[in-house]
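Heads up: the structure comes next, in structure tokens.
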Amino acid sequence: MRASSDIPRRFSLGSRRARWAIVVGVVILIALIISAQHIASIYTDYLWFGSLGFSSVWTKTITVEAGLAVTFTVVFFGLLWGNLLLADRLAPSAPAPAGDELVSRWQELVAPHMKWIRLGVAGLLALIGGISAHSQWDNWLLFSNAAPFTSTSAPWDGVDPLNHLNDGFYVFRLPFL
């Protein structure tokens, strides 16, 4: 009989932690492959703005885009996670209807992992909201640098007669709001 140390070991991915690291690595690699065109576009814009001497414009644009994306992602995540948590606590914990074994099995399977499911759903929806908010960088810059319309030589004073708002509001602030 052979000693247990002489028996060749089967290939193993190791611990559970190592398997998660491999899964996360594969997901990151897939995300990089999918976003390669966008990364190349950003780098090309960086080179082009730099060759024209306007690298500060590129930096400002990227900074505003990233700031909007992060801000809206964090705000949406907080709102969504809070609402899901509140809905879970306020919802009655009724068992599955009699005879519906599939629903009861689903509830048994999901119940211990509800915290992570809630975080995942809130994170995914917040990421979608943040990504869509980053495309509003031009409206944000117009909003944050708004100036009223004025005219000293014409009888028109730049104020809307109906709402008594300066026309600059409609051009600069309203598109972002």
Side-chain angles (χ1 to χ4, degrees), residues 13-46 48-49 55-146 163 165 168-177:
L13 290 177
S15 68
R16 187 176 186 167
R17 189 177 206 174
R19 282 181 266 167
W20 273 107
I22 290 171
V23 168
V24 168
V26 167
V27 167
I28 288 173
L29 182 65
I30 290 172
L32 284 174
I33 290 171
I34 290 172
S35 63
Q37 182 180 4
H38 188 66
I39 292 170
S41 173
I42 290 172
Y43 182 65
T44 305
D45 286 346
Y46 168 73
W48 185 70
F49 277 98
S55 59
S56 64
V57 173
W58 181 84
T59 305
K60 176 75 170 184
T61 303
I62 293 296
T63 304
V64 168
E65 284 184 31
L68 283 174
V70 168
T71 302
F72 277 87
T73 299
V74 168
V75 168
F76 287 164
F77 178 80
L79 290 172
L80 291 170
W81 184 75
N83 280 320
L84 287 173
L85 186 66
L86 185 66
D88 191 42
R89 290 183 191 249
L90 293 178
S93 58
D100 200 351
E101 190 174 326
L102 184 63
V103 173
S104 64
R105 282 187 182 179
W106 174 254
Q107 288 175 346
E108 290 173 12
L109 179 71
V110 171
H113 308 290
M114 193 49 104
K115 175 184 175 184
W116 296 107
I117 292 171
R118 197 179 307 117
L119 285 172
V121 167
L124 180 67
L125 293 176
L127 194 60
I128 291 170
I131 288 172
S132 64
H134 103 283
S135 64
Q136 298 297 320
W137 65 270
D138 50 351
N139 286 333
W140 169 253
L141 286 176
L142 289 173
F143 177 81
S144 61
N145 298 309
N163 297 320
L165 294 171
F169 170 81
Y170 297 106
V171 174
F172 299 122
R173 295 195 182 268
L174 189 60
F176 182 76
L177 295 176

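Taking all atoms of both residues into account, the shortest heavy-atom contact from Tyr170 to Pro175 is O-CD, 3.5 Å.
Residues passing the side chain to side chain contact (heavy atoms under 4.5 Å, CB included) test with Asp138, sequence neighbours excluded: none. Shown here are the side chain to side chain contact (heavy atoms under 4.5 Å, CB included) partners of Val110, two or more places apart in sequence or in another chain: Trp106, Met114, Ile117. Applying the ring-ring contact (aromatic ring centres under 6.0 Å, His included) rule to Phe169 yields no partners; only residues at least two apart in sequence or on another chain are considered. Applying the salt bridge (charged side-chain N to carboxylate O under 4.0 Å, His left out) criterion to Asp88, with sequence neighbours excluded, gives Arg118. Applying the side chain to side chain contact (heavy atoms under 4.5 Å, CB included) criterion to Glu65, with sequence neighbours excluded, gives Thr61, His134, Trp137. By the ring-ring contact (aromatic ring centres under 6.0 Å, His included) test, Phe176 pairs with Trp140, Phe143, sequence neighbours left out. Judged as a salt bridge (charged side-chain N to carboxylate O under 4.0 Å, His left out), and not counting sequence neighbours, the contacts of Arg105 are Glu101.
The side-chain hydrogen bond (donor to acceptor under 3.5 Å, both in side chains) contacts involving residues 68-87 comprise nothing, where partners must be two or more places apart or lie in separate chains. Screening residues 24-46 for side-chain hydrogen bond (donor to acceptor under 3.5 Å, both in side chains) gives no qualifying pairs among residues at least two apart or on separate chains. Screening residues 66-77 for salt bridge (Lys or Arg N to Asp or Glu O under 4.0 Å), with sequence neighbours left out, gives no hits. Sequence neighbours left out, not one pair with a member in residues 66-75 passes salt bridge (Lys or Arg N to Asp or Glu O under 4.0 Å). Applying the side-chain hydrogen bond (donor to acceptor under 3.5 Å, both in side chains) test to every pair with at least one member in residues 108-117, sequence neighbours left out, gives no pairs at all.
For Phe72, the CZ atom sits in a loose shell: 12 or fewer heavy atoms of surrounding residues, nucleotides or ligands are nearer than 6.0 Å.
With rounding to the nearest 0.5 angstrom, the CZ atom of Phe49 is 10.0 Å from the OG1 atom of Thr59. The distance from the CD1 atom of Ile28 to the CD1 atom of Ile33 is 12.5 Å, given to the nearest 0.5 Å. With rounding to the nearest 0.5 angstrom, the CZ atom of Arg173 is 8.5 Å from the OG atom of Ser144. For the atom pair CG (Leu79) and CG (Leu125), the distance works out to 12.0 Å, reported to the nearest 0.5 Å. To the nearest 0.5 Å, atom CG of residue Leu68 and atom CG of residue Leu141 are 8.0 Å apart. The CD1 atom of Ile34 sits 11.0 Å away from atom CD1 of Ile39, with the distance rounded to the nearest 0.5 Å.
In this structure, the side chains of Phe77 and Leu119 come closer than 4.5 Å at one or more pairs of heavy atoms.
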